[in-house]
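A quick write-up on the structure given underneath.
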Protein chains: 2
Amino acid sequence: MSVNVSERSVRRLSLYRRFLLHVQASGGRYLFSHDIATATRTSAAQVRRDLMAISGSGSSSRGYHVTDLLKSISCFLDAPAPQHVALIGLGNLGRAVFAYFVGRHPNLRITLTFDIDPAKTGRLINGCPCHNVLKLNHLCPSHGIRMAILTVPAAEAQAVTDMLVRGGIRGIVNFAPVTLHVPVGVFVETMDFSISLETAAFFSRA
Amino acid sequence: MSVNVSERSVRRLSLYRRFLLHVQASGGRYLFSHDIATATRTSAAQVRRDLMAISGSGSSSRGYHVTDLLKSISCFLDAPAPQHVALIGLGNLGRAVFAYFVGRHPNLRITLTFDIDPAKTGRLINGCPCHNVLKLNHLCPSHGIRMAILTVPAAEAQAVTDMLVRGGIRGIVNFAPVTLHVPVGVFVETMDFSISLETAAFFSRA
DNA sequence: TTCACGGTGTGAAAAAAATAACGATGACAA
DNA sequence: TTGTCATCGTTATTTTTTTCACACCGTGAA
């Protein structure tokens, strides 16, 4: 089902969905491909092509039906049941991510958190149990957790990643400014503030 | 000088530099392209090609001289003098970004911060003055600020962006989960946690 | 010296991605 | 009805990006 759709398409589809949700909330019912395109800074052809891949269909006169299209995209992007997510590292960043997360991603659920600090482990954080990071490879499989958010210091990131991989994790959102090494089949998305900053700095004077 | 180098190359060069700094710190003197490649998860050919573009040259027997290469990359990526940066929005995220920033980017300097909350404006934050966000288009030009980090709520992001653009900002690192609209010539880098999360969720079950 | 080896720099080829092009379709006006 | 028009779905083309391939170079061994 996921074959034939590139990473970039998936990203754009996620953007389209976000826009469509806004439109839906404000009562819009139909959109043309170029509406979606301008809202998400891409081209109408690109939108049509992306939607073609997931067979979301529109009418040539009215365009795309917002609710139907949302259904198509969500059906494609989301798992049938909510996915469980582990959050590793409950420092400032980890807690901020957790706070941001709440209520925003109904299909993703932070089920467990982990930290190495004994002052944090063994308690509930936002109603979610926090365990010692050493229990990772044991607890993730038993809770059906396949993806993780990594908010540990850079120095620990690779070691924790190795544990995650051993624990069967298949997708990682990494906030540490390091390049993680994982086996094929494990997806890593790095939120690399430093690199983004330097890139923006560069092009701000291009 | 910046012509002919794609955004992706710039990103990779930034990654190479980070790796090279680590190597330098641990006393390494020479590296082959494939060392850099494996460390940054790309290919040796890609590394050589990227370096070719900035005319960083290596020897076929020893590889690349770490310090020389660092010099080449930094000369290419960095402005001759430190660039001034404005930070807009001093909520949890903004303060976290500021804290992360400190000491990590010698060529970039957060010169001014802005917020809309009167409890924050008029004071020093980390030794850096905080102004009302309405003073943006006035203060940015007079301080030579050409780039900004945007950590305001999504609902305000576009309005603030418009002010930034009027204030002459040419590069924005945007943390708000919205697609910003800017004139050509203004570079926007969006740190989009939601999109990254959904992308990782998708590929974690591919 | 002479050869083999492993790496660089770079043009050529391949793959991936974005853009353009176009027949088909349905709404609407005349 | 008939023609026009704007948009869709899809194929074709172009552009961009990555990978391959190989001549050339410096080193070390024989």
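Order of the sequence lines sets the chain letters (A, B, ...), proteins ahead of strands, with each chain counted from 1.
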Mapping A:Arg48 and A:Ser9 onto DNA chain C by nearest heavy atom, which one lands closer to the 5' end?
-> A:Ser9
Kindly compute the distance separating CE (A:Met163) from CD1 (A:Ile169), expressed to the nearest 0.5 Å.
-> 12.5 Å
Measure from the ring center of B:Phe193 to the ring center of A:Tyr100 and say whether it is less than 6.0 Å.
-> yes
Check whether more than 12 heavy atoms from other residues, nucleotides or ligands sit under 6.0 Å from atom NE2 of B:His181, and answer yes or no.
-> yes
From OG1 (B:Thr67) to OH (B:Tyr30), nearest 0.5 Å = 9.0 Å
First locate atom CD1 of B:Ile73, then atom CG of B:Leu13, and finally report the distance between them rounded to the nearest 0.5 Å.
-> 5.5 Å
Out of C:dT19, D:dT18, C:dA17, which nucleotide sits closest to the side chain of B:Arg8?
-> D:dT18
Listed pairs, N/O of protein and of nucleotides 23-30 of chain C, under 3.5 Å:
from: C:dT25; atom 1: O2; to: A:Ser60; atom 2: OG; distance (Å): 2.8

Could you state the CD-P distance from B:Gln46 to D:dT18, rounded to the nearest angstrom?
-> 4 Å
Specify the separation, in whole Å, of atom CD of A:Glu7 and atom P of C:dA18.
-> 11 Å
For B:Asp50 and D:dT16, what is the distance between atoms CG and P respectively, to the nearest whole Å?
-> 17 Å
Send over the distance from A:Met52 CE to D:dT10 C1', rounded to a whole Å.
-> 6 Å
So, do A:Met147 and A:Ile172 sit near enough that their side-chain heavy atoms are less than 4.5 Å apart?
-> no
Can you check whether B:Arg12 has a side-chain N or O nearer than 4.0 Å to OP1 or OP2 of D:dT18?
-> yes
Describe the nucleic acid contact of A:Arg49 in one word from base, sugar-phosphate, nothing, applying a heavy-atom distance below 4.0 Å.
-> base
Between A:Gln83, A:Glu189, A:Arg146, which is the residue that forms a side chain to side chain donor-acceptor pair (under 3.5 Å) with B:Ser204?
-> A:Gln83
How long is the line joining NE2 of B:His65 and P of C:dG7, in whole Å?
-> 19 Å
Where along residues 26-41 of chain A does a heavy atom come under 4.0 Å from DNA chain D, residue by residue in number order?
-> A:Phe32, A:Ser33, A:His34
Hey, what's the ring geometry for A:Phe114 with A:His131, parallel, tilted or perpendicular (30° and 60° as the breaks)?
-> tilted
C:dT10 C1' sits how many Å from B:Asn4 CG, rounded?
-> 15 Å
Taking the inter-plane angle between the rings of B:His105 and B:Phe101 on a 0 to 90° scale, is it parallel (under 30°), tilted (30 to 60°) or perpendicular (over 60°)?
-> tilted
